[in-house]
Amino acid sequence: MRLRARLALLVAVLLTGSVAVLGSGTLWWTRSNLVAEADARLLRARAQPQSAQPGQPGQPGQPGQPAQSRGRPGGDQPPVRQVALVRFDTQGRLEEAVPSETTGEPDPLPDVPWKAALSGGPDGRIRSAGSVDGTLEYHWTAVHRPDGGVTVFAVSLAEAARTSHLLLGSLLMGGGAVVVLGGGAGWWMVRRQLRPLDDLVDATEAVAAGDLTRRTRPPVDRDEVGRLTQSFDHMLVQLDASLAAREAARLKLERFVADASHELRTPLALIRGYAELHGRGGLPPGPLLERAMSRIAAETERMTGLVEDLLLLARLDHEAAEPESDTDVEVAGVLQDAVEEHRAFGPDHRVELDLATGSAVCVRANALRLRQAIGNLLANVRNHTPPGTVTRVTAEVVGPVVEIRVIDDGPGIAAADRPYVFERFFRPDGSRPRTRSGTGSGLGLSIVAALVSSCEGTVTALETPGGGATFVVRLPRSQMPGGPAPREASANPQERLRGSRP
């Protein structure tokens, strides 16, 4: 049985039980009051003094014969008699029987034997008995007269039975209508309230079949069911995004493995070729052999650098999930070391260091990683710009961060390539080609991005006004006393480069 059918059945059962309890209580209360009223009439009649001799004025006729109502002068009818009277003499013979007239006609007499009347006289209790024809129910009590006889007073419960029957019929019809109408309204309400659950079931089945784009209809009410459907839709959005991210990561990993294999295949093939050539005697001692050994050493060094870069990226990726605690690092010292190294390795590439203030500028970072990141950016300038390129390195406080910029006036990076320069094994095909043969693996800027990210910073590639490339490293500023006052940050980072042209 479906949920809505069970709920509708439960509503109908509750309504039926409520109507039954209420109707039974009403019927019992009404009958009890009618019976109590009849007993009160019986006790009032019993308390009235009775004549010892039958046939007195105002009394019924001969013994054994029911008295009939007679007209009064002026045409007035006597009041309806509501209490039946049965008189027995000392020998148990019936002296007088006066029926009640609750139905408009003389009622059947109560079936009360003389012995029962004698036993019911002393305590005055009210007892039950039927009529002589079994059609009525009576309540009766007996009184012992001074002459030794017994008088039985009985009141008919026909009015209570008739009223109870009418009330029972009304309750059955009214209660049935309440149950039917209430059950129908309950079915409609349950169906309306559970309609979002049907959409939820359909969406769940569609998702189970592989359709992650399925959504439920917007809920009408903000009740528990509405919040459930909204949460389900939100879960589907998150699941869809997670699966898309996982698929993107899988494709990225496949490209990474393919690129790494491609990078390693060339030097391995060259080394193998020279080894086979030497094994066949094609490289006799002399200049040709020395050249081959030099090429093998260069390719081996290239492979070693590539493997070390891959291992560094793997370690940085692993440490990204478990970040290490950074310390306060003075930016000026790190930049000075990187600039001096750049001048030593690239004497034909002029570099200038420009700090915005003479005060100490500190960031929260790892000193070794920050040093390596700036060194890789300067190495990128040496590898991808022609000799004579001028590079300018600056640092200044901008709001809560410190910006370190490496600005060169070389060929620059094409606008279409800038969003991808920090991806692994990416090499621009446009205006910034590799200028040194055999150097670079497409991992330098990826390592820079990973190193800066490990220091909770960001790195961005921009265009230098007038030509060239600019790399902006943003790191959280250290809250050390005596530091320089921060400059207000501009909404557009490119605007801050104007006037910074080396």
Side-chain angles (χ1 to χ4, degrees), residues 27-72 75-168:
L27 186 63
W28 173 84
W29 182 82
T30 302
R31 178 176 172 81
S32 298
N33 278 273
L34 291 175
V35 171
E37 183 179 351
D39 290 342
R41 291 198 305 267
L42 179 62
L43 294 177
R44 287 195 299 269
R46 179 178 181 273
Q48 293 178 1
Q50 300 295 322
S51 173
Q53 297 295 330
Q56 296 295 328
Q59 298 293 330
Q62 299 300 320
Q65 297 181 356
Q68 303 294 329
S69 299
R70 294 180 294 273
R72 294 185 179 181
D76 293 337
Q77 296 293 328
V80 175
R81 187 174 183 87
Q82 295 182 339
V83 179
L85 178 68
V86 179
R87 298 167 62 94
F88 295 97
D89 61 12
T90 57
Q91 302 300 320
R93 293 187 296 270
L94 180 64
E95 293 182 345
E96 184 180 14
V98 182
S100 60
E101 300 175 358
T102 57
T103 61
E105 297 292 336
D107 298 327
L109 291 173
D111 185 14
V112 181
W114 175 61
K115 292 184 178 181
L118 287 176
S119 62
D123 56 4
R125 290 172 54 192
I126 297 177
R127 290 172 169 80
S128 298
S131 62
V132 292
D133 60 356
T135 59
L136 294 180
E137 182 182 2
Y138 281 93
H139 275 188
W140 64 274
T141 185
V143 177
H144 288 207
R145 301 192 305 273
D147 62 356
V150 178
T151 300
V152 176
F153 298 90
V155 62
S156 171
L157 302 180
E159 182 179 356
R162 182 168 55 253
T163 304
S164 298
H165 290 159
L166 290 174
L167 180 60
L168 178 61

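Given the structure is predicted, the values throughout are model-derived calculations rather than measurements. Side-chain atoms are counted along with the backbone in the values below, which use heavy atoms only and exclude waters and symmetry mates. We're numbering straight along the sequence, starting at 1.
- Minimum heavy-atom separation, Trp140 to Ala154: CB-CB, 3.8 Å.
- Distance CH2/Trp114 to CG/Asp89: 8.0 Å, rounded to 0.5 Å.
- Rounding to the nearest 0.5 Å places NE2 of His165 at 7.5 Å from CZ of Arg31.
- For the residue pair Ser100 and Ala84, the shortest heavy atom distance occurs at N-CB, 3.8 Å.
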Problem set entry | Steps toward side-chain contact (heavy atoms from CB on, under 4.5 Å) verdict (Leu157, Tyr138) | CA-CA 6 Å; Leu157 302 180; Tyr138 281 93; over 6 Å; no
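- Ala160 and Val35 make their closest contact through CB-CG2, 4.3 Å (heavy atoms, listed as atom of the first residue, atom of the second, distance).
- Residue Thr163 holds its OG1 atom at 5.0 Å from CG of Leu34, rounded to the nearest 0.5 Å.
- At least one side-chain heavy atom of Ile126 sits less than 4.5 Å from a side-chain heavy atom of Leu42.
- By the 4.5 Å heavy-atom criterion applied to side chains, Pro110 and Val86 are counted as neighbours.
- Inter-residue side-chain proximity for Leu94 and Phe88 is flagged as met; some heavy-atom pair is nearer than 4.5 Å.
- Under the side chain to side chain donor-acceptor pair (under 3.5 Å) criterion, Arg44 pairs with no residue, sequence neighbours left out.
- For the atom pair CG (Leu109) and CG (Asp133), the distance works out to 9.5 Å, reported to the nearest 0.5 Å.
- For the atom pair OG1 of Thr141 and CG of Asp39, the computed distance is 10.0 Å after rounding to the nearest 0.5 Å.
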For this session: Take Leu27 and Ser164, measure what side-chain contact (heavy atoms from CB on, under 4.5 Å) needs, and give me the verdict at the end.
Result: CA-CA 6 Å; Leu27 186 63; Ser164 298; 4.0 Å; yes
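- Applying the side chain to side chain donor-acceptor pair (under 3.5 Å) rule to Asn33 yields no partners; only residues at least two apart in sequence or on another chain are considered.
- When every heavy atom of Ala38 is checked against every heavy atom of Val155, the shortest pair comes out as O-CG1, 3.6 Å.
- Residue Val152 comes nearest to Ala117 through the heavy atom pair CG2-CB, 3.5 Å, listed as atom of the first residue, atom of the second, then distance.
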Exercise. Do Gln82 and Glu159 pass the side-chain contact (heavy atoms from CB on, under 4.5 Å) test, and can you show the C-alpha distance, the side-chain angles, and the key distance before you say yes or no?
Worked result: CA-CA 11 Å; Gln82 295 182 339; Glu159 182 179 356; 5.6 Å; no
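- Taking CZ from Arg145 and OG1 from Thr90, the interatomic distance works out to 9.0 Å, rounded to the nearest 0.5 Å.
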